Amino acid sequence: MTTYAEALQLILELATPAPPVAVPLAEALGLTVAEDILAPEALPPFTNSAMDGFALRGVDILPGIRIKVLGTLAAGQTAEHRVEPGTALRIMTGAPLPEGADTVVPLEHTKHGEDWVEFPKPTKVGANVRFAGEDLQPGALVLATGTVLKPAAIGVLASLGLDRVRVHPRPKVAIMSTGNELVDATEKPGPGQIRDSNCPGLCAQISTFGAIAHPFARVQDSREAVESAVREALASCEVLVTTGGVSEGDYDFTKVVLEELGAHKLFWKVAQKPGGPFGVWTLNGKFIFGVPGNPVPAMVMVEEYVRPTLRKMMGLRELFRPEARAVLDDGWKKGTPDGKTHILRVITRKEADGLHARLTGPQGSGVLSSMLLANGLALVPGDTLELPKGAQVLVHLTEEAEDH
Ligand code: AMP
Ligand code: MG
């Protein structure tokens with residue numbers, strides 16, 4: 001059977017960054033730039049005052065000498081006259097430095113009246129002036145190919161007038177729940193029915209990864225329904241995540257239909273728990289992730305396999321969560337030796353002696369509330385039968401520490 005590591009490798013060696021497109025800045029947060037971005041102009045674009053104060057020639061600043069103030073210059077205004085020797089202009093932060101002036105003395109370092117200013121202490125020539133291009137010169141490299149666009153990058157691009165940026169776009173991911181037993185969260189389930197938690201939960205996961213989630217209508221357990229839903233989803237999305245119907249039950253049609261449609265199977269069934277009957281296919285260059293219907297494996301598969309795939313498609317260099325070794329505070333034992341990688345939901349916290357983890361509680365595949373508490377997934381190798389209290393485990397840290 002395919003192992004966890006093999007399954008991940010099979011997927012990631014096929015995933016490639018999506019062809020670059022230009023997107024508006026407002027849509028670019030978290031994406032990677034697909035080309036080097038050079039400054040088309042200087043930043044700041046003109047020499048300006050760094051303080052509210054007085055602009056004048058530095059050589060005119062002499063203790064006890066009163067200087068005539070000819071007017072006031074606000075940010076957004078330009079001076080009508082040069083600053084002549086022996087005169088000053090009151091100036092606000094960001095206003096262009098008037099011609100003739102080379103220095104700004106902050107308000108609080110002066111004595112001043114309506115139309116005069118005196119300088120009790122010296123100020124260096126050139127002080128409190130921001131020079132054109134001192135931040136970025138025209139032609140300077142602003143962002144190198146592969147840089148992730150963080151808020152500061154968005155701000156810098158806006159200041160340079162670069163209102164569109166070439167990036168690897170967000171993949172559109174169709175989420176499709178299959179199962180005759182499912183009803184919408186807004187409905188009251190009838191006998192034997194349950195609410196569909198996978199579609200909303202998985203859509204939320206996909207959104208946090210920076211991709212675009214497209215919830216599709218729930219699909220009944222029949223060949224025809226599954227086939228037409230798969231066709232429809234692949235017509236508009238680059239990735240399809242189906243939940244349920246991927247095992248060998250009488251009503252499990254996902255695998256059957258994908259094979260009939262000629263999809264290429266990367267693997268089906270992985271030596272892992274949860275997520276044994278997990279399969280991945282490609283059809284016309286698009287990924288289809290068939291995740292089990294049980295809510296825990298569904299979320300864990302999306303976290304462990306779909307997330308790195310989407311990140312690779314978005315051109316991100318770091319595909320994986322940070323991982324750490326933690327001390328497992330409660331013991332864990334495998335029921336029977338199964339050779340499978342067990343993926344445990346854990347709560348991690350930092351202690352004086354390092355990172356500690358404890359299980360979220362019962363690890364059953366249907367216990368969705370175990371996912372509520374988890375901020376990490378511990379990966380226990382297939383040949384490990386027992387982890388005594390205090391043993392080391394490898395943990396994928398699935399949440400920002402400050403969010404938990
Ligand atoms: P399946 O993988 O289709 O055999 O489903 C396995 C289990 O997960 C069954 O108990 C289903 O009722 C349940 N299940 C399947 N799909 C969903 C879903 N979208 N939301 C909640 N539970 C589901
Ligand atoms: Mg089912």
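Start at 1 and go down the list; that is how both ligands and their atoms are numbered. FYI, side chains are in, hydrogens and waters are out, and symmetry mates aren't considered; it's all heavy atoms of this structure. Since we're looking at a predicted model, the values are computed, not measured. Count residues from 1 along the sequence.
In terms of protein heavy-atom proximity, atom 9 (C) of ligand 1 is nearest to E181 OE2, 4.1 Å. Among protein heavy atoms, atom 10 (O) of ligand 1 sits closest to N294 OD1, 4.2 Å. Nearest protein heavy-atom neighbour of atom 4 (O) of ligand 1: D252 OD1, 4.2 Å. Ranking protein heavy atoms by distance to atom 18 (C) of ligand 1, first place goes to N198 ND2, 3.2 Å. With hydrogens left out, the protein atom closest to atom 3 (O) of ligand 1 is G245 N, 2.9 Å, a heavy atom. When hydrogens are left out, the protein atom nearest atom 19 (N) of ligand 1 is D196 OD1, 2.7 Å; that is the closest non-hydrogen contact.
Ring-centre distance between H112 and F54: below the 6.0 Å cut-off. Aromatic rings of Y305 and Y4 (six-membered ring for Trp) have centroids within the 6.0 Å cut-off, being under it.
Atom CD of E80 has 12 or fewer neighbouring heavy atoms from other residues, nucleotides or ligands inside a 6.0 Å radius. For K273, the NZ atom sits in a loose shell: 12 or fewer heavy atoms of surrounding residues, nucleotides or ligands are nearer than 6.0 Å.
Of all non-hydrogen atoms in W332 and T384, the two that sit nearest each other are CZ3-O, 4.1 Å.
Taking 4.0 Å as the cut-off between side-chain N and carboxylate O, D135 and R130 do not count as a salt-bridged pair. A salt bridge is absent between E238 and K286: the closest approach of a Lys/Arg side-chain nitrogen to an acidic carboxylate oxygen does not fall below 4.0 angstrom. Salt bridge status for E323 with R321: absent, with no side-chain N to carboxylate O gap under 4.0 Å.
Taking a cut-off of under 4.0 Å to the non-hydrogen atoms of I194, the atoms of ligand 1 that pass are 12 (O), 21 (C), 22 (N), 23 (C). Here is the list of ligand 1 atoms found below 4.0 Å of a heavy atom in S177: 19 (N).
Distances between N or O atoms of S247 and those of ligand 1 include no value under 3.5 Å. Residue-to-ligand polar distances place G293 within reach of ligand 1: an N/O pair is separated by less than 3.5 Å. The N/O atoms of P295, backbone and side chain alike, include none that comes under 3.5 Å of an N/O atom in ligand 1.
Both the sub-6.0 Å distance and the 45° axial angle are satisfied by K255 relative to the ring of W268.
Within the structure, ligand 1 has R195 among the residues with a heavy atom less than 4.0 angstrom away.
For S197, heavy-atom contacts with ligand 1 shorter than 4.0 Å involve the backbone as well as the side chain. Counting heavy atoms under 4.0 Å from ligand 1, residue V246 does not touch it at all.
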